[in-house]
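Okay, so here's the structure we're looking at.
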Amino acid sequence: MNKENGAETEMKKKKIAIVFGTRPEAIKMAPVILELKKYQSAFEPCIIVSAQHREMLDQVLSVFDITPDYDLDIMKRNQTLSDITSDVLKGIETVFVKEQPDMVLVHGDTTTSFAAALAAFYHQIPIGHVEAGLRTHDKYFPFPEEGNRQLIDTITDLFFVPTETTKQNLLKEGKDEQQIVVTGNTAIDAIHYTKNSLVNHSALDLMDAKPDQKWILLTSHRRENYGEPMRNIFEAIVDVVDTHPDAEVLLPVHLSPVVQKLARKHLGNHKRIHLIEPLEVDVFHQAMNKAYLVLTDSGGLQEEAPALDKPVLVLRDKTERPEGLENGTLKVIGTEKANVKDEVTALLNDQKLYQKMSKAVNPYGDGLASSRIVKEITQYFE
Ligand code: UD1
Ligand code: UDP
């Protein structure tokens, strides 16, 4: 309550616009939305999705039972970065003008997040950046994400960084420490949520039917891996499976037409390589739990797999998540065919190495990131 002119008046609720568009943003923003909703007298969340991803976004919304207030529905087949940027920038303007949010929350480094942050800046609305501060310091790796996150952090007001290392990245860039709060990664909050889901899926049945197999959970979708690098990865995995009768691969294929085509062409006809549709996140987390190792170019999987005690081989030349390298749960192996084959083979055969990587401590959070974020937003308005 506020005392104004001798009369007690209600403190105006703060309208928080939460903007996202792709699968990983949705997974990592869902816990923040659920937390904000607990404080109905203080906050009015306004959920705006760009639908940069359509089907893969809707899967997440349904798992977390979230209904957007606005859906820009921008996805096009083979969309370019300019398509996404301009469609989000134009589409969101009308919403900001109508809703007049007190703060805009964006996540990570997608083009939806960058365009939404830019729109917020144009309207002089404070920006909270969840998962701020990640860096490779190479603007083309990953592309365009490294550029996007640096651009967002240039205009951010509140930095919610997942780790101490990411805080240091921002301090080195001259950001004000008062604006930075270390929260942990909301990906771990999401895992705490999905672990209570009761799920059935044929992919889980398949894994259960062959418990002695060493299941490799493979995902690949990065734009910089389109073409030769992805071909190398897929050829390497065929070699591994051909030489290891106890190895079996589960690959939920990203809906990008480029990935779909390459995966079908190179992996489509192998009886121990299973190409499946993208999984709902709760099913996916359970599949990861049943897997022997994770082979991926994803960002989010590098955070989630260590929380489930799974080693991760990272199909990139660089990672913005060095904490897992230092802790020993991640290894960056690039995309050269021989190297991918050797590194996967080593983890399949060398139990000492496997134990070392799977027992390392998860450095990405304790599942309470969203409550820290909401607490900080509360303090910002006080
Ligand atoms: C985007 C993000 C990337 C993030 C990834 C997560 C950018 C530039 N990239 O990359 O940072 O790691 O999401 O997966 O923001 N498609 C569908 N249905 C879907 C989703 C995608 O059909 O539900 C197809 C569409 O043809 C689309 C294409 O996939 O054009 C690529 O999607 P896009 O969002 O442009 O790029 P991603 O590689 O998914
Ligand atoms: N994921 C999912 N279903 C799948 C594959 C991945 O729900 O079939 C989840 C995964 O648990 C993680 C997120 O999607 O939370 C990672 O998304 P992606 O790899 O597409 O993007 P990135 O993290 O690289 O930005």
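Everything numeric here is computed off the predicted structure, so don't read it as measured data. We count ligands from 1, going down the list as the structure has it; atoms in each ligand are counted the same way.
Below 4.0 Å from some heavy atom of R222 lie the following atoms of ligand 2, by number and element: 24 (O). Within the listing of ligand 2, atoms 22 (P), 23 (O), 24 (O) sit less than 4.0 angstrom from a heavy atom of G299. Each of the following atoms of ligand 2 lies closer than 4.0 Å to a heavy atom of H285: 11 (O).
For ligand 1, the protein residues placed under 4.0 Å by at least one non-hydrogen atom are T22, P24, Q52, H53, R54, E55, M56, M75, K76, R77, N78, Q79, L81, I84, T110, T111, P144, E145, H221, R222, R223, Y226, H254, L255, S256, P257.
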Can you give me every donor-acceptor pair (side chain of residues 108-117, partner residue at least two apart or in another chain, under 3.5 Å) with its distance?
from: D109; atom 1: OD2; to: R149; atom 2: NH1; distance (Å): 2.7
from: T110; atom 1: OG1; to: E25; atom 2: OE1; distance (Å): 3.4
from: T110; atom 1: OG1; to: E25; atom 2: OE2; distance (Å): 3.0
from: T110; atom 1: OG1; to: T112; atom 2: N; distance (Å): 3.4
from: T110; atom 1: OG1; to: S113; atom 2: N; distance (Å): 3.1
from: T110; atom 1: OG1; to: S113; atom 2: OG; distance (Å): 3.0
from: T111; atom 1: OG1; to: N148; atom 2: ND2; distance (Å): 3.2
from: T112; atom 1: OG1; to: S50; atom 2: OG; distance (Å): 2.8
from: T112; atom 1: OG1; to: Q52; atom 2: OE1; distance (Å): 2.7
from: S113; atom 1: OG; to: E25; atom 2: OE1; distance (Å): 3.2
from: S113; atom 1: OG; to: H107; atom 2: O; distance (Å): 2.5

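Nearest to atom 18 (P) of ligand 2 among the protein's heavy atoms is H221 NE2, 3.6 Å.
With a heavy-atom cut-off of 4.0 Å, L301 touches ligand 2 through its side chain alone. Residue contacts with ligand 2 for S298 involve both N, CA, C or O and side-chain atoms from C-beta outward (heavy atoms, distance under 4.0 Å).
Distances between N or O atoms of E304 and those of ligand 2 include at least one value under 3.5 Å. The N/O atoms of G300, backbone and side chain alike, include one that comes under 3.5 Å of an N/O atom in ligand 2.
The nearest pair of heavy atoms linking K175 to F159 is CD-CZ, 3.5 Å. Shown here for I333 and V340, the closest heavy-atom pair between the two residues is CD1-CA, 4.0 Å.
Side chains of E131 and N185: a donor on one and an acceptor on the other come within 3.5 Å.
Ring centers of Y292 and Y354: under 6.0 Å apart, within the cut-off. Aromatic rings of H285 and H192 (six-membered ring for Trp) have centroids beyond the 6.0 Å cut-off, not under it.
Surrounding NZ of K210 are more than 12 heavy atoms belonging to other residues, nucleotides or ligands, all under 6.0 Å away.
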